[in-house]
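Read through the structure below, which is laid out as structure tokens, and then see the notes.
The structure displayed is predicted, hence computed values, not measured ones. Convention: sequence-line order gives letters A, B, ...; per-chain numbering from 1.
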Amino acid sequence: MQLLKEQIMQYNHLDIEKKWQKFWAENQTFKASNESDKPKYYVLDMFPYPSGAGLHVGHPLGYIASDIYARYKRHKGFNVLHPQGYDSFGLPAEQYAIQTGQHPAKTTEENVATYRRQLDNIGFSFDWSREVRTSSPEYYKWTQWIFIQLFDSWYNINTDKAEDISTLIKTFKKEGNTSVKAVADEEITVFSADEWNAFSNKEQEETLLKYRLTFLSDTEVNWCPALGTVLANDEIVNGVSERGSHPVIRKKMTQWSMRISAYAQRLLDGLEKIDWPQPLKDSQTNWIGRSQGAMVSFNVDNGSDKVSSEVKLTYKELEALKEVRQNLSKAETTLWDELKNKKGASKFRKKYTIGTFVVDYVCVTKNIIVEFSGKEDEAVRTEFFNNEGFNVIRFTNEEVIENVLQAVAEINSAIQFPKAIEKTDKKEVKDANLYKIDVFTTRPDTIFGVSFMTLAPEHELVSKITTKEQKKSVEAYIKATAKRSERDRMADVKTISGAFTGAYAIHPFSGEKVQIWIGDYVLASYGTGAVMAVPCGDQRDYDFAKHFGIPIPNIFEDIDISDAAHTDKEGTKIANSDFLSGLKYKKALKLAIFEMEKRGFGYGKINYRLRDAVFSRQRYWGEPFPVYYKDGMPQMIADEHLPIVLPEVEKYLPTEDGKPPLGNATEWAWDSRAKKVVSNDKLKNKTVYPLELNTMPGWAGSSWYFNRYMDATNTNAFASKESLEYWKEIDLYIGGSEHATGHLLYARFWQKFLFDKGIVPVDEFAKKLINQGMILGTSAFVFKATAFVKNGCGCSDEKSNDDVIAKIPTVIVSKNLFNSDDEFESVVKNYLLDNKFLDPNFADLVMITKTAIHADVSLVNSSDELDVDGFKNHALNNDYKNAEFILEDEVYKVGREVEKMSKSKYNVVNPDAICEEYGADSLRLFEMFLGPLEQAKPWKTSGISGVSSFLKKLWKLYFNGEAFEVSDAEPTKDELKTLHKTIKKVEEDIENFSFNTSVSTFMIAVNELTTLKCNKRSILEPLAILVSPYAPHIAEELWNLLGHKESISTADFPVFNASYLVESAKNYPISFNGKMRFTLELSLDLSKDEIEKIVMENEKTIAQLEGKAPKKVIIVPGKIINIVI
RNA sequence: GCUGAAGUGGUGGAAUUGGUAGACACGCUGGACUUAAAAUCCAGUGGUCAGUAAUGGCCGUGCGGGUUCAAGUCCCGCCUUCAGUACCA
């Protein structure tokens, strides 16, 4: 094959890349094994949604980075798992189906094929044998299975994990639900074992549903009747749907929800042990939104005498207490060491005040006081404490010191089996109050600043407590706010509105009456939907109080609140607050909570912003639920009958009576005897039941797919135990930061759940995560002139106005012909006058404005010159077919701006075209060369010529000008130095994910080796391996030419040898007062003194000194010399 | 408002623990090769001032201070941009 000679000589990316892509596919080069002696490494990209538009150059950025890392790890001797798949359920396919009637499965299939072709073109080392698609029944079988696992589980607070529902049922049978501590619905009534056993089947199921990790609940949603679907908040603009502008109403709907709130604390804690970007962790932390404070109950005034607890201690006495607390006796310390570790409800406090007494230890929630015996008036104390509702346990000093464990055991038993104690009559008074308003506050320390309360308009108490006189205005207000969506209410912060209910609440400490208002600044969905308003300490409360003339009591020492609320916590002392006066924030907070707990109207609480996640969607193209309804109660379909396959429907729209699209299916009923999906006709039969009509949300399939890759074809389990045990978790996960509070939170939630159930071996699914930055498009603009006739110009006749501009064509002006709008106007006007489009008599009447219009970037070359004819004939530019172009130097120059890459901005660059013209290796190198992986950066195709010519130079190193030729001669010192410098830098860069700098390192290496005319095998062979993760095709070809039969992909990474980099001399920068003046080549063997001597004798130094003596000479060997004058 | 990230030539971006600011590219300018273009190769390229030139001076990492022999890098105070988020009680 003689023709090859020249072809080989020329680096031909097209042939080479096709050849090796075929080789990899045929030899399954990147197929990972679940058994290997090598250490494992799992690199994963967030899988894409296969959209109809295909990939643009922004999409592969993260894939290239992960591919480089995966290939690098193979060179380093790891067994690498690097799979890819498709998140193939989604809205666009459904929208398309609605418009065209095409089955979403079909369009999805086509889009996947396009994606696959595009991905293959770029030469990724994916193991396609493990491909997953969330929309394939083999996959969603296991999504349904996980749903059932969640349904069959509850969250036990005592063990702090999810447990099988059977353990709960067992407890209910034996002892009812009094001892159960679970994350469950709020309104659960207490029942005994007898009561449970007497429940009907349905009652039991209803009760269990309140505990299950996935459950049905009535959720308030944005319902759009015209579209027949629920809309997310951001799909609503100005109260109407974003699509089609249809009205949206708030409506309660029964929906599946996921009890993610059970995992709130663990999701927070888990962030500490994973190596994820800080901003991403922060946004998850904010999203979970833990806030520590207190729940406080305010009684609604019912006309009875006020109840108030008197204050027990002054501030001075409290200060004295502090000292007591810090000076404990030996026995006291011994016992405290044991008690202080108790957490939660059994938490103990030391040296606290109960009434006028100081007790040694107290557990407020369990009402237990522990004291040392031998105090004065022991009997009086006991009686008082019992009256207050406490049990008292006493020990002598000796008892504690000799056997502290015995004492602790006694205390524990008292906690577990509390003795009955006489109730005080105070509590009965409280029970007599008809209504209570519960509020959550992070500032219980400011409770004496409460001057009113505000309820959300939707709060259930509003209708009950509103007085007759206020009824009208309250109802009018509620009506007005109901029209506005929650988002609108949130967006409009400035308007203050509200209404007085006429009712009053009793301040629990002071016993004073405070007004109860409703206001839409209080959100029903956060906390309890009610707030205790402290106008002096909260700006919203302050504004509200000012607006409605409610008093604003000041409870801060020496703080002026005449203009605004004082929201700082630290450094301010509380005043006018009874027993809290004089205390700083932290102390006041603790004491306030303590007193609330003691008096029984409040307790410390941690509140989370994180809401349970709604899991139902009124869509077609999603996972069907494995659920049917019997007697109105949901029933799971047994595992062995999964998957429940999505039924065929005629129409993908909701039904006419507002049911989800699956309501159109005719084969959608469950035959519980035959165990299969049957026609709806059979619903008359007693054993046939309706199936769930909702489908699962987009995040269902993506919340566990990373586990499926470990054993993607398993039909018996979602992955085998062995494979899960082997691969464990993702070692490196790369994807966009837009998933911070969606996918990445839900996936962590499911992983923790699966971990609790013993299904997966680790409770965090990704050790390290990197967010790749977005690649931005460089949009091109043309500047269009629009002509108007000035208003009030004196032309009385409308028609003549039109005549003036009738002949004016669309004019488009090149970018550099104007610097301002005024210049633009005069350029256009002159042009119009010169070409007789405008009558000079009317010139002054015409006004020209400038509009920038996106031009397709494919019509613009690298010098910003527009293909004018191409623009005129562009399919989307019909309006400009006859436009006049004002050129500069014969060409039209466009304006440029960096924007998000998007079809509508005509700035999308297709990777296929780049691969065709420059090659996949160039694309890969260039995407990495653009800048740091995490950073957003603009795409400019012109820059690709740099990496392209680098590849050509690399290629040339292996050729003698005519044919492939490498020499087996010994390399020179310089050649070895270049190689090892490169090995070191590239290795460091890859480990630090600094891919952009290693591309420059390659360029430097190739430039140096070209200068050295190096063609030594011992240099060029390792060089090919170094380059191979970045530019795998050319590396394979060179490797092959070097005589290797095997793929380069598992060749050992070259080993860095520091001895080649040892230098004997250094070109020192000599600076004066920190400013570098000249350099001096000096041996590194020289001592400091020798260096100083040589430098000081140098004539340039003498010139710089100008005869002055240096004040100081700083010499850092190997670094710098600085002379201070 | 809050949280986070970032501000360096005409452009993308380098600069490991404070130690020669602007690596590597793009672009631009000039040159070689060519009938010409493309491709390729060579040289120059932060600003400014002085000089025919070699060269030299000064200024330069968003702004204002500070620490240090030495600051893009550390500290204090601002400004701007981007991203996320929000009546969160």
Inset, instruction - For B/G13, take OP1 and OP2 only and decide whether either is under 4.0 Å from a side-chain N or O of A/Q935. - result: yes
Inset, instruction - Take atom P in B/G9 and the same atom in B/G47, then report the distance between them in whole Å. - result: 12 Å
Inset, instruction - Answer with base, sugar-phosphate or nothing: what part of the nucleic acid does A/S737 contact at a heavy-atom distance below 4.0 Å? - result: nothing
Inset, instruction - Check whether any side-chain nitrogen or oxygen of A/N996 sits under 4.0 Å from OP1 or OP2 of B/A14, and answer yes or no. - result: yes
Inset, instruction - Measure from CZ on A/F1078 to P on B/G19 and round the result to the nearest Å. - result: 21 Å
Inset, instruction - Would you please indicate if the ring centroids of A/F452 and A/F548 are separated by under 6.0 Å? - result: no
Inset, instruction - Indicate whether OP1 or OP2 belonging to B/U40 is found under 4.0 Å from a side-chain N or O atom of A/K952. - result: yes
Legend entry - Sidechain N-carboxylate O distance under 4.0 Å for A/K984, A/E988: yes
Legend entry - A/F929 CZ to B/G12 P, straight-line distance once rounded to whole Å: 13 Å
Inset, instruction - Record whether the side chain of A/K1119 comes under 3.5 Å of the base of B/U17 through a donor-acceptor pair of N or O atoms. - result: yes
Inset, instruction - Flag the pair A/K981 and A/E1008 as a salt bridge only when some basic side-chain nitrogen lies within less than 4.0 angstrom of an acidic carboxylate oxygen. - result: yes
Legend entry - Between B/A39 (P) and A/K956 (NZ): distance, integer Å: 14 Å
Legend entry - Mate of B/C63 where both pairing distances stay under 3.5 Å, Watson-Crick or G-U: B/G77
Legend entry - Side-chain N,O (A/R609) to OP1/OP2 (B/U85) below 4.0 Å: no
Legend entry - A/K937 side-chain proximity, nearest of B/G12, B/A89, B/C59: B/G12
Inset, instruction - Measure from the ring center of A/F926 to the ring center of A/W939 and say whether it is less than 6.0 Å. - result: yes
